[in-house]
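Hydrogens, waters and symmetry mates play no part in the numbers below; they use all other heavy atoms, side chains included. In the text below, chain A, chain B and the rest are named by the order of the sequence lines, each starting its count at 1.
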Protein chains: 4
Amino acid sequence: MTTPGPSLRADAARNRELLLAAAEEVFAEQGPDASIADIARRAGVAKGTVFRHFATKEELVAAIVGGHFAALIAVARGLLDSADPGAALREFLTVAADGLNQDLTALQTISEGDSRVTELRNQLHTSIEVLVERAREAGAVRPDLTGADVFLLICAPVHAAGFSPTPHPDLWRRYLGIIVDGLSPEGATALPHPAPEWP
Amino acid sequence: MTTPGPSLRADAARNRELLLAAAEEVFAEQGPDASIADIARRAGVAKGTVFRHFATKEELVAAIVGGHFAALIAVARGLLDSADPGAALREFLTVAADGLNQDLTALQTISEGDSRVTELRNQLHTSIEVLVERAREAGAVRPDLTGADVFLLICAPVHAAGFSPTPHPDLWRRYLGIIVDGLSPEGATALPHPAPEWP
Amino acid sequence: MTTPGPSLRADAARNRELLLAAAEEVFAEQGPDASIADIARRAGVAKGTVFRHFATKEELVAAIVGGHFAALIAVARGLLDSADPGAALREFLTVAADGLNQDLTALQTISEGDSRVTELRNQLHTSIEVLVERAREAGAVRPDLTGADVFLLICAPVHAAGFSPTPHPDLWRRYLGIIVDGLSPEGATALPHPAPEWP
Amino acid sequence: MTTPGPSLRADAARNRELLLAAAEEVFAEQGPDASIADIARRAGVAKGTVFRHFATKEELVAAIVGGHFAALIAVARGLLDSADPGAALREFLTVAADGLNQDLTALQTISEGDSRVTELRNQLHTSIEVLVERAREAGAVRPDLTGADVFLLICAPVHAAGFSPTPHPDLWRRYLGIIVDGLSPEGATALPHPAPEWP
DNA sequence: TATGAATGAGCTTTCATTCAT
DNA sequence: CATGAATGAAAGCTCATTCAT
């Protein structure tokens, strides 16, 4: 009563974080069909507790995807004033892939209907667009590159590395290197398809 | 048993193809969790018939993935004697992506344990390795590129295009273009991670 | 092939009847919240079999309620040409209550949204209306009685008897007797509320 | 414990009443499966508080049913000395139905095992028995009518009215009118089943 | 004492798989 | 051989109840 105790709330908040972390791990290991039971077990809580924090499985997935998007937005914004726009874009793609696990793509599909996720996705796209614009103006990337392209390519390195029969946690850096080279204006060939429009 | 005529066999073979085609379609539309019931319905047969041809769902998935691998092996082998090894590699990646639907990656994960799929995967890797070697020797691709790299990058364009909020069936060509540019020796930067070893 | 085998269908049809009977029993004993598992156990089938026959619990309930309504419609129609319209109405109420178990009322609420049940309910109401009209014209019932009244009173005797601390399967006949006396034109007092309109 | 002041007790008592009122409302709206969470929300307290006042859901239901029984006992006793025993019985049934919402019957089933409810039910039965006896002696009701009959018929009007597809809060008065006419000695036919014995 | 987070048993429903016909 | 009815092991989710704060 006297002290507006954050203690209970703190416990709940801690469980929420535990759950998000556990869910991310389990989804990464088992794919988007991992069961809530497994996630609860990993987090060390009961099944019911998952649903106290996330009313549906979809909501849990949306929280994960939204969290990633929010983090990426912060990264992109932090790089807006960089002196070297080309390096900034490369840094963005590196940091983005570094915080990813392979599933984000599949999870994204699940949370497609979530309006909060859509909103964040659009914000992220906008932030990336600015980053790309700067790099384009500086001649650091191919002139036909758009923000949508970069958005769609974020997961590609992690995804490609994920198929390796001999997995290595940093292998994605190799494929990011190849893609980044492909973004360079030097030796860029005409692309056979226009960039996607953003809705 | 009594009448081992070829007619029955022909029927069975036709059903098998019907089922594979139906499964590919349904998996493409609904993802790897599409139900056997849906696949049977699409193929116009009863659920039991699916299991007569493929003892488990995993076996059905393995047949699909194996089919893709076999097709890609044929493509790669057909391009071995090409006069322009660089063009041959690009052609391979284009034909490969063209025959793909986004799910192959997810399906591949499911059929990871299947020995026949593993065998085909290794054969495909070997064929690609030759293709890459030729292109490397011709100076058509970056010198640090391996067959494993190309194998892992096959699905990347389709995968990236699949995230587009405004999907277009040929958008993958754009991202294949970027990746192909990234494979070029011109302006290639050192890659921060070694290529994966093949087991 | 040659004989359009009703054998398999016969088995399924038998299971359907077994399930309806079991459901009726279990609902009567435990109320409308009886679990599908209990119903399946009573019918001697697996849980999944219930859902093969009735896609949802609501559909199962609707089948039960609809079955009762259909039976009552048949009874009402069979009594339309009776020489003694007053006796016909009494007979209808008796036969109706005889085929009832206490739950119909609660089950009816569950299946309120089912269009087939609504259709049957309306047909039943119409049939009863005719029955009541004849009886009214013959001076066998109070002149202010409507078909809707009789419809709403069908379950009353069974419901009242169901509260008895010393239950007897035929006790409802006592309360049907009282209600039937209340429907008589002799000594009927003015009713304080108009009959409900049928939608 | 330390301060056994009346303030806390008053608060607790008020919460108890709030909860009973909220529960009655919610049960009336949603049926006997309404959740404790809904009831707590309606009462404006936390879920835990419900269980502080009523150890189980069954106990809460028993309190509601018991409350109704107690109120009816008071009504019956208040009518014992009426100059017109027939009018008194009619008045009892009217007041009883007026204080009812449709659920009492379902709730009663739930609280069947509660000894306090059983005790009150028996007291109510006794009070009604006296009321009926007086009316019978005065020739105001059919000679075969018992207190048990009247007890069992209390809910019938509300129950019948509850099925109406076009609900009206006073429709029960119509069916109480019909039943009251059925209790009249005038034109009473022999009942086909004896009255239930009270245990 | 009130709170509401946590629990876990239980519910409806789905689906790969089996098997009688 | 094909069929599709039956199976039963999960899955997602709800809710009465407990208990730390």
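- When rounded to the nearest whole Å, the span between CG of B:Asp38 and P of F:dG4 equals 16 Å.
- Between D:Ser35 and A:Ala34, it is A:Ala34 whose nearest contact on DNA chain F lies nearer the 5' terminus.
- Look at E:dT12: its Watson-Crick or wobble partner, with both distances under 3.5 angstrom, is F:dA11.
- Residue B:His53 has its side chain nearest to F:dA2 when only E:dT12, F:dA2, F:dT3 are considered.
- Listed pair C:Thr49 / F:dT7 meets the phosphate criterion, a side-chain N or O lying under 4.0 Å from OP1 or OP2.
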Next item on the list: Evaluate the criterion salt bridge (charged side-chain N to carboxylate O under 4.0 Å, His left out) for residue pair C:Glu24 and C:Arg42; output intermediate values, then yes/no.
Entry: CA-CA 10 Å; C:Glu24 186 126 15; C:Arg42 177 79 57 111; over 6 Å; no
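- The interatomic distance linking B:Gln30 (CD) with E:dC15 (C1') rounds to 13 Å, in whole Å.
- Nucleotide E:dA20 is matched to F:dT3 when pairs are restricted to Watson-Crick or G-U wobble geometry with both distances under 3.5 angstrom.
- Using a 4.0 Å cut-off between charged side-chain N and carboxylate O, C:Arg116 and C:Glu59 make no salt bridge.
- Within the 4.0 angstrom heavy-atom criterion, base atoms lie near D:Lys47.
- In summary, C:Glu112 and C:Arg121 do not engage in a salt bridge, as defined by a charged side-chain N under 4.0 Å from a carboxylate O.
- One interatomic measurement links the two molecules: NZ of B:Lys57 to P of F:dA10, which rounds to 15 Å at whole-angstrom precision.
- Taking the side chain of B:Phe51 as heavy atoms from C-beta on, and the options E:dA16, F:dG12, F:dA16, the nearest nucleotide is E:dA16.
- Here the straight-line distance linking atom CD1 of D:Ile64 with atom CG of D:Leu104 works out to 9.5 Å at 0.5 Å rounding.
- Note: CG (A:Leu19) to P (F:dG12) measures 14 Å, nearest angstrom.
- Computed from coordinates, the A:Arg14 CZ to E:dA6 P distance equals 10 Å when rounded to whole Å.
- When the P atom of F:dG12 is taken as reference, atom CD1 of C:Ile36 falls 21 Å away, rounded to whole Å.
- If you measure from atom CZ of B:Phe54 to atom C1' of E:dT17, you get 16 Å, rounded to the nearest angstrom.
- Per the geometry, CG belonging to D:Asp33 stands 14 Å off C1' belonging to E:dG10, to the nearest Å.
- Each of C:Val50 and B:Arg52 lies near DNA chain F, and the nucleotide nearest B:Arg52 is the one positioned closer to the 5' end.
- With contacts defined as side-chain heavy-atom distances shorter than 4.5 Å, the pair A:Phe51/A:Lys57 does not qualify.
- Proximity of C:Asn15 to the phosphate of F:dA5: no side-chain N or O atom is located under 4.0 Å from OP1 or OP2.
- Ranked by how close their nearest DNA chain E nucleotide is to the 5' end, C:Glu58 and B:Gly48 are led by C:Glu58.
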